[in-house]
Protein chains: 2
Amino acid sequence: MKLTSKGRYAVMALVDLARFDTINPVSLRDISLRQGISLDYLEQIFSKLKKNQIVKSTRGTQGGYFLSKKPNEIKLTNILNAVDEKVKTVQCKKESKKGCNGKATKCVTHDLWDELETHINTFFEKKSLQDLLKNNSERVN
Amino acid sequence: MKLTSKGRYAVMALVDLARFDTINPVSLRDISLRQGISLDYLEQIFSKLKKNQIVKSTRGTQGGYFLSKKPNEIKLTNILNAVDEKVKTVQCKKESKKGCNGKATKCVTHDLWDELETHINTFFEKKSLQDLLKNNSERVN
DNA sequence: TCTAAACTTGACCATTTTAGTCAGGTATGT
DNA sequence: ACATACCTGACTAAAATGGTCAAGTTTAGA
């Protein structure tokens, strides 16, 4: 399974964006400063978010990024998938088409990981950016 | 988050053990052959399982491992913790005591990962070895 | 008692992933 | 025109992963 800082950064940045893009686009520099994430790394992340139509951007002075949908329409699933944090559980070896580990049958834990994957994805499908905004609306940071 | 092959191997091996240790202890060599897991790697894994009192062993010819409890008393949580597959979500930076990323406050996603962690742990606490045995009792492998 | 099977321990390592950095762009509002 | 901001791709240090290798110790059974 994969679920690392990159996914966390993406979510943090988008929450930041959701709170500040109401008037003008938000520059990555501002997000970088507020959230303590490297600017160069943010650019990589936003490149993916843009490809996946989660954010849009305008260039030039006073340019920046803004959400392409309303916060309640952006699910965490969308964000994590966009930055390649696919919530996939351990893969059984890929060489075999039907089974795992080169055997003819599925390994004994195969269904288990499938089930877990669903369990986690459900969690992320229910949560939207809006949910995170609510919980943090009073915070300064 | 961490959840890799090591955890999967541990679960696979223990399901195997649960099915074959009814008469005699099971050697790692047998498990290695049946499950397609490197013997040397299995030894590392079982060393941890033993330290955590999930299995016991006898030495010598015809020796091997056996479960120290009944399958329905061994939860997946126990197994995964034993092999250091702690289901921990991404850590916010550790230097700061109160907040994340060196800020005074918790980062906006802090509670989210906590919640996810609980969500996943609940899943693993409900599942026991016995549950996996049931689903696979008819399989040959 | 001898020996092979099996457990035990610890060091080592190749590969992959992660979390970035660096260097150079291109576009555009003022 | 120029500063600001987006955009792209190559690169990399450090850590994690998924093992291997070597050198034991222990003990059942011939």
Side-chain angles (χ1 to χ4, degrees), chain A residues 1-10 12-13 17 20-21 24-33 35-52 54-66 68 80 83-86 88-94 101, chain B residues 1-10 12-13 17 20-21 24-33 35-52 54-66 68 80 83-86 88-94 101:
Chain A
M1 162 169 312
K2 245 174 91 182
L3 203 52
T4 65
S5 288
K6 194 193 284 184
R8 183 164 64 91
Y9 286 167
M12 284 169 70
L17 200 58
F20 290 101
D21 77 348
N24 294 314
V26 179
S27 73
L28 292 190
R29 211 172 74 86
D30 287 351
I31 297 178
S32 168
L33 291 173
Q35 302 298 329
I37 306 169
S38 141
L39 176 59
D40 286 315
Y41 202 28
L42 271 181
E43 282 177 349
Q44 283 182 41
I45 292 170
F46 272 76
S47 163
K48 293 185 175 183
L49 292 175
K50 194 180 179 184
K51 270 185 199 135
N52 284 268
I54 291 168
V55 297
K56 292 181 179 173
S57 64
T58 54
R59 303 183 122 183
T61 313
Q62 298 293 72
Y65 287 92
F66 50 95
S68 63
L80 296 175
V83 296
D84 294 327
E85 295 264 334
K86 304 187 183 178
K88 287 250 166 186
T89 46
V90 219
Q91 302 282 7
C92 302
K93 290 186 183 155
K94 287 164 193 170
N101 278 330
Chain B
M1 165 168 314
K2 245 173 90 182
L3 204 51
T4 65
S5 288
K6 193 191 285 183
R8 183 164 64 91
Y9 286 166
M12 285 169 70
L17 200 58
F20 290 100
D21 77 347
N24 294 315
V26 180
S27 73
L28 292 189
R29 211 173 74 85
D30 288 351
I31 297 177
S32 168
L33 291 173
Q35 302 298 328
I37 305 169
S38 140
L39 176 59
D40 286 315
Y41 202 30
L42 271 180
E43 283 176 347
Q44 283 183 39
I45 292 170
F46 271 76
S47 163
K48 293 184 177 183
L49 292 175
K50 196 181 177 185
K51 271 184 198 136
N52 285 267
I54 290 168
V55 297
K56 292 181 180 174
S57 65
T58 55
R59 304 183 121 186
T61 313
Q62 299 294 72
Y65 287 92
F66 49 94
S68 62
L80 297 175
V83 296
D84 292 329
E85 295 265 333
K86 305 187 180 178
K88 287 250 165 183
T89 46
V90 219
Q91 302 282 7
C92 304
K93 289 186 183 154
K94 286 162 193 170
N101 278 331

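Because the structure is a prediction, the values reported are computed rather than measured. All values below were derived from every heavy atom in this structure, side-chain atoms included, with hydrogens, water molecules and symmetry-related copies excluded.
Minimum atom distance to the side chain of Tyr41(B) is reached by dG19(D), of the listed dA10(D), dG19(D), dA6(C). Taking the side chain of Asp40(A) as heavy atoms from C-beta on, and the options dA23(C), dC6(D), dG18(D), the nearest nucleotide is dA23(C). When distances are taken from the side chain of Glu43(A) to each of dT21(C), dG19(D), dT8(D), the shortest belongs to dT8(D). In the set dT21(C), dC7(C), dA6(C), the nucleotide with an atom closest to the side chain of Arg29(B) is dA6(C).
Residue Thr4(B) places none of its side-chain N or O atoms closer than 4.0 Å to OP1 or OP2 of dA16(D). Contact annotation: Ser57(B) side-chain N/O to dT8(C) OP1/OP2 distance is under 4.0 Å. Of the side-chain N and O atoms in Lys50(A), one or more sit less than 4.0 angstrom from OP1 or OP2 of dC7(D). Residue Ser27(A) has no polar side-chain atom (N or O) positioned under 4.0 Å from OP1 or OP2 of dC6(D). OP1 or OP2 of dT8(C) lies within a sub-4.0 Å distance of a side-chain N or O belonging to Tyr65(B).
For CD of Glu43(A), the number of neighbouring non-hydrogen atoms (other residues, nucleotides, ligands) closer than 6.0 Å is greater than 12.
Separation of atoms OG (Ser47(B)) and CG (Leu42(B)) is listed at 12.0 Å; rounding is to 0.5 Å. Distance CG/Leu17(A) to CD1/Ile31(A): 5.0 Å, rounded to 0.5 Å. Separation of atoms CG (Leu39(A)) and CZ (Phe46(A)) is listed at 10.5 Å; rounding is to 0.5 Å. Interatomic distance, CZ of Arg8(B) versus CG of Leu80(B), reported as 12.5 Å (0.5 Å rounding). To the nearest 0.5 Å, the span separating CZ on Phe20(A) from OG on Ser27(A) amounts to 11.5 Å.
Taking atom CD1 of Ile45(B) as the reference point, atom P of dT17(D) lies 13 Å away to the nearest angstrom. Rounded to whole Å, the distance from OH on Tyr9(A) to P on dT21(C) is 9 Å. The interatomic distance linking Asp30(A) (CG) with dC6(D) (C1') rounds to 14 Å, in whole Å. When the P atom of dC6(D) is taken as reference, atom CG of Leu42(A) falls 10 Å away, rounded to whole Å. Distance Leu39(A) CG to dA23(C) P: 15 Å, rounded to the nearest Å. One interatomic measurement links the two molecules: CG of Asn24(B) to C1' of dA6(C), which rounds to 14 Å at whole-angstrom precision. Taking atom CD of residue Gln35(A) and atom P of nucleotide dG20(C), one finds them 14 Å apart after rounding to whole Å. Between the P atom of dC7(D) and the NZ atom of Lys48(A) lies a distance of 15 Å, rounded to the nearest Å.
Counting only heavy atoms from C-beta outward, the side chains of Pro25(B) and Thr58(B) approach each other to under 4.5 Å.
Contact annotation: side chain of Gln44(B) to base of dT8(C), donor-acceptor pair absent below 3.5 Å.
Residue contacts for Val55(A): at a heavy-atom cut-off of 4.0 Å it reaches no nucleic acid atom on any strand shown.
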Per-nucleotide protein contact string for nucleotides 25-30 of chain C (B base, S sugar-phosphate only, - none; heavy atom under 4.0 Å) = -BSBB-
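Listed by chain and residue number, nothing satisfies the side chain to side chain contact (heavy atoms under 4.5 Å, CB included) test with Arg59(B) (two or more places apart in sequence, or in another chain).
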